[in-house]
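Written out below as structure tokens is the structure these notes cover.
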Number of protein chains: 2
Amino acid sequence: MVARKSAQSTSENRPGAPTLDDVARVSGLSPITISRALNHPHMVRPQTIEKVNAAIALTGYIPNLLAGGLASKRSKMIAVAVPQINNAMFVDSIQALSDQLAVYGYHMLLCLAGYAQQSEEQLVSAILSRKPDGIVLTGINHTQLLKKRLLLTGVPVVEIWDLTPTPIDMLVGFSHEKVGNDIAGYLMGKGYRRFGMVWADDERAEIRRQGILAGVKPHGITDIPIIRVPTPAILELGRQGLVQLMATGQSFDAIICSSDALAQGVIVEAGINGISVPAELAVMGFGDLDFAHCCSPSISTVHIDKKAIGQRAADILIAKIEGRPVANNIVDVGFKLMARQSA
Amino acid sequence: MVARKSAQSTSENRPGAPTLDDVARVSGLSPITISRALNHPHMVRPQTIEKVNAAIALTGYIPNLLAGGLASKRSKMIAVAVPQINNAMFVDSIQALSDQLAVYGYHMLLCLAGYAQQSEEQLVSAILSRKPDGIVLTGINHTQLLKKRLLLTGVPVVEIWDLTPTPIDMLVGFSHEKVGNDIAGYLMGKGYRRFGMVWADDERAEIRRQGILAGVKPHGITDIPIIRVPTPAILELGRQGLVQLMATGQSFDAIICSSDALAQGVIVEAGINGISVPAELAVMGFGDLDFAHCCSPSISTVHIDKKAIGQRAADILIAKIEGRPVANNIVDVGFKLMARQSA
DNA sequence: TTGTAGGCGTTATCAG
DNA sequence: CTGATAACGCCTACAA
């Protein structure tokens, strides 16, 4: 305790991690110059940058984005709220979104409602504390309070996986009602009339169902027997769905499912019961999940460009954040009905 | 412009969002009391808390966790690095991890290496700037520099989905080598000898392969024909895999796949070619994905408690962060071979 | 149980 | 192109 070793240039005697000041001291420059070298290199002479890099390597400096974000009011972070990720539908969009955000230098704070069923409202409120530069929300149904809060803070918001002329801010998705209409039209065109449904408990699936009902109504069909299943929709539930439909004693010539996994389950169950698909029973899916095109029989379904949803969402969100013009705040990525073997 | 309305008590004339000071002013308390009411309610009188809540509601105050984190050195954020999320294996673990983190009041920064193939090292370095309170890493293979960095910063780390006696810090996973051994033992026990493999290009899958090879070696089998496929492993690749294996002209009695999706593909392809499973060809998967138990034939596979991995990882990580004792820094969740119809 | 003083690490602003 | 100064919003001491 008598004589302390003379403090070395860097941080010999300091406990915490090296800071901008340490780098400044080592390089003989001022802190702000280090900051600029890192964030606005074009404002600094090349040889100065080299000095800075050397000092950074020497000190092992890691920037503190909490401090940076506090000072600059930009966190370079995007919050993404999804109901659940173990739903095959969303995963590809999230992956693409994350990839594209990375391109722009942003990180993703992923918030899952999860089993705890924390409401989206609470979730987003909590997230706002992190000061994300932008927010991605799933769907277009949000509480009034949430919308108000979002509008109040002014954070750029992109809603995905649905369509409305009046998004909170921006939107990338497609019309589930139209999907339903097209499915109805396709199956009617093929001559099917005795429909049954195996349907996940999901708000967008419900809109597709309405679209289907609207599509078959002109043909005198006013009701379709339906078995509802919980999310995430998995093969097993499809099997159970068909069993339950058959137990009603009615006869069917086409089963419409709210997702490909359910359709696959219906097909498996049909196979076990000696019902040939599509000869005796047609099966229609949704989503064009990776297995749909190469099952046997391949599944007739609706293709969604899930990757595009994530990518475009990142594009317009970051554009807005960085002040670049956004051509269109509503992006309809559409969909494509894939006529395959099962229906 | 002549006379400005007299400034109202809250923020009428202030541009930014309301801060702790605003709440303090409105409630007639000091900022620190507001802070405590929010973060350490037990240190504040109930009626004071009510006053605070009223003021918060009035002002529409949203805490700023960037500032809070900077001051307290705790960000309440966990960074999670996963190679890709559109890999059915990881999704359930991530969901469970996120759910459990939410229980403890932490948010998840999800970082995907993604298609850009940004190295994990760069990824984690970038992440450290956000000052996460903890980090979850996939697997146990990391560069020396990364390990050193992590050790240096002292952030608690949990590695998941693999096993080693020498983790960086903590670990939740299982032995892929043992899985391989057990698969070999099971199939040998069933009398299969002419093996073929359809295998994803993945480091953990490779370890399982080594385990299988080690397991069959005592029986005089020194090599197994293999078709390698890229990740993510999907049904289609399984089909192609079987086609390619058959094209070699060799005969097989059991196809071992690195994942259930591939196994499903092999089964589909076999079915199309009139090869009966398992009578003429056995098929083994891995992962026990949701569809494995209810396909037809059901898939013999290895069950991993994916949810437990995420949950336990959250548990020990948060325990360590919050200074609670961690009974064991290595958690082996094990696995279970599921003997079903396909093999 | 509540308040005061000071600092967390960075960047905006303005000056040179 | 570089630097000095003053925030950014909150929390950890310590004191009352």
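Quick note on labels: first sequence line is chain A, next is B, and so on, each numbered from 1.
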In terms of side-chain heavy atoms, does B:S75 have a donor or acceptor partner in B:R130 at a distance below 3.5 Å? no

Check the phosphate of C:dT2 against B:S30, side-chain N and O only, distance under 4.0 Å to OP1 or OP2. Yes or no? no

Please report the distance, rounded to the nearest Å, between NZ in A:K76 and C1' in C:dT11. 14 Å

Starting at CD1 of B:I34 and ending at C1' of C:dT4, how long is that distance when rounded to a whole Å? 15 Å

A:A81 backbone acceptor or donor facing A:E120 side chain under 3.5 Å: no

Once you round it to whole Å, what is the distance between P of C:dG9 and CD1 of A:I62? 13 Å

Can you list the residues that meet the side chain to side chain contact (heavy atoms under 4.5 Å, CB included) rule with A:K131, with sequence neighbours excluded? B:N64, B:L66

Counting only side-chain heavy atoms from C-beta out, which of C:dG3, D:dG9, C:dT10 sits nearest to A:T19? C:dT10

To the nearest angstrom, the CG-P distance between B:L70 and D:dC10 comes to 12 Å

Spacing between B:L65 atom CG and D:dC8 atom P, to the nearest angstrom: 19 Å

How many whole angstroms separate atom NZ of B:K131 from atom P of C:dC8? 14 Å

Look for any protein N or O under 3.5 Å of an N or O in nucleotides 11-13 of chain D and output each such pair with its distance, or none.
| from | atom 1 | to | atom 2 | distance (Å) |
| --- | --- | --- | --- | --- |
| D:dC11 | OP1 | B:N39 | ND2 | 2.7 |
| D:dC11 | OP2 | B:S35 | OG | 2.3 |

Note, A:L137 side chain near A:V158 side chain (heavy atom, < 4.5 Å): no

Let's go through A:L110 and B:S98 carefully: what are the C-alpha distance in whole Å and the side-chain angles of both, what is the deciding distance for side chain to side chain contact (heavy atoms under 4.5 Å, CB included) to 0.1 Å, and is it a yes or a no? CA-CA 9 Å; A:L110 185 59; B:S98 166; over 6 Å; no

Under-4.0 Å salt bridge between A:K320 and A:D169: yes

What is the distance, rounded to the nearest whole Å, between atom CZ of A:R130 and atom C1' of D:dC8? 18 Å

Please report the distance, rounded to the nearest Å, between CG in B:D21 and P in D:dC10. 7 Å

If only side-chain N and O atoms of A:K73 are considered, is one of them under 4.0 Å from the OP1 or OP2 phosphate oxygen of D:dA7? no

In the structure I gave you, are the side-chain heavy atoms of A:V26 and A:D22 within less than 4.5 Å of one another anywhere? no

Counting only N and O atoms by type, is there a donor-acceptor contact under 3.5 Å from the side chain of A:D133 to the main-chain atoms of A:R74? no

Members of residues 43-50 of chain A that approach DNA chain D, where some heavy atom sits under 4.0 Å away: A:M43, A:V44, A:R45, A:T48

Could you tell me, to 10°, how much the axis swings from one end of the helix from C:dT1-D:dA16 to C:dG16-D:dC1 to the other, five pairs per end? 20°

Tell me, please, which residues at least two apart from B:Y61 pass ring pair (Phe, Tyr, Trp, His ring centres under 6.0 Å). none

Derivation and outcome, side chain to side chain contact (heavy atoms under 4.5 Å, CB included), residues A:Q95 and B:Q84: CA-CA 7 Å; A:Q95 174 89 41; B:Q84 43 186 10; 3.6 Å; yes

Of all residues at least two apart in sequence or in a different chain, which pass the side chain to side chain donor-acceptor pair (under 3.5 Å) check with B:R45? none

